[in-house]
Amino acid sequence: VYFWEGGANPNFGIFDRETKEIKVVHNLDVSGYPPIKDIKHSKQGKVYVLDGNNSLHSFEESGDPK
C-alpha cells in the first residue's frame with residue numbers, strides 16, 4: 001500500500017501489509033503543484049512517483065532514488 005500526504009507536501013511512503021511495517025518514507029525534492037500526481041509500486045520492490053512537473057522518479061524499497 002502506498003500513501004502520500006497530498007496538497008503541497010511531497011512526502012510519500014510504502015506500507016508492507018505482510019510485515020506490518022512502513023518500508024519507504026521519502027520527501028521528494030520537487031517544485032510545482034501538486035508535488036506528487038501518482039505513485040505505483042511493483043512486486044519487485046520498485047516505487048514509481050510521478051511529480052507535478054510530469055517527471056518520473058524511481059525508488060527501491062530502501063527509499064534511495066535511482
Side-chain angles (χ1 to χ4, degrees):
V1 176
Y2 53 84
F3 58 90
W4 71 91
E5 293 187 35
N9 196 320
N11 295 330
F12 72 91
I14 300 292
F15 178 77
D16 187 321
R17 289 180 181 168
E18 292 178 20
T19 64
K20 308 290 191 254
E21 295 177 343
I22 295 176
K23 295 285 200 167
V24 175
V25 174
H26 192 76
N27 184 297
L28 205 58
D29 186 22
V30 296
S31 61
Y33 185 85
I36 297 175
K37 283 185 170 179
D38 197 12
I39 298 177
K40 300 293 182 200
H41 180 250
S42 74
K43 292 180 182 179
Q44 294 78 25
K46 301 239 187 228
V47 179
Y48 302 98
V49 180
L50 181 63
D51 72 23
N53 298 316
N54 291 321
S55 294
L56 185 63
H57 305 264
S58 176
F59 298 86
E60 297 287 338
E61 280 194 356
S62 68
D64 299 328
K66 298 293 172 203

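Checked against side-chain contact (heavy atoms from CB on, under 4.5 Å), Ser31 has the following partners two or more places apart in sequence or in another chain: Asn53.
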May I have the step-by-step check of side chain to side chain contact (heavy atoms under 4.5 Å, CB included) for His57 and Val30, ending in yes or no? CA-CA 10 Å; His57 305 264; Val30 296; 3.8 Å; yes
Could you check Asn54 against Lys37 for side chain to side chain contact (heavy atoms under 4.5 Å, CB included), going step by step and ending with a plain yes or no? CA-CA 8 Å; Asn54 291 321; Lys37 283 185 170 179; 2.7 Å; yes
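Pro35 has its side chain out of reach of Asp51: every pair of non-hydrogen atoms, C-beta onward, lies at least 4.5 Å apart. In this structure the side chain of Lys40 never reaches within 4.5 angstrom of the side chain of Leu50, judged on heavy atoms.
Closest non-hydrogen pair, Trp4 versus Asp38, comes out as CH2-CA, 4.1 Å. Between Ser58 and Lys46 the shortest heavy-atom distance is OG-CD, 4.3 Å. Considering all non-hydrogen atoms of both residues, Val49 and Ile36 come closest at CG1-CG2, 3.9 Å.
In this structure, CG on Asn11 lies 4.5 Å from CG on Asn27, to the nearest 0.5 angstrom.
None of Phe59, Phe3, Phe12 except one satisfies the side-chain contact (heavy atoms from CB on, under 4.5 Å) rule with Ile39; the exception is Phe12.
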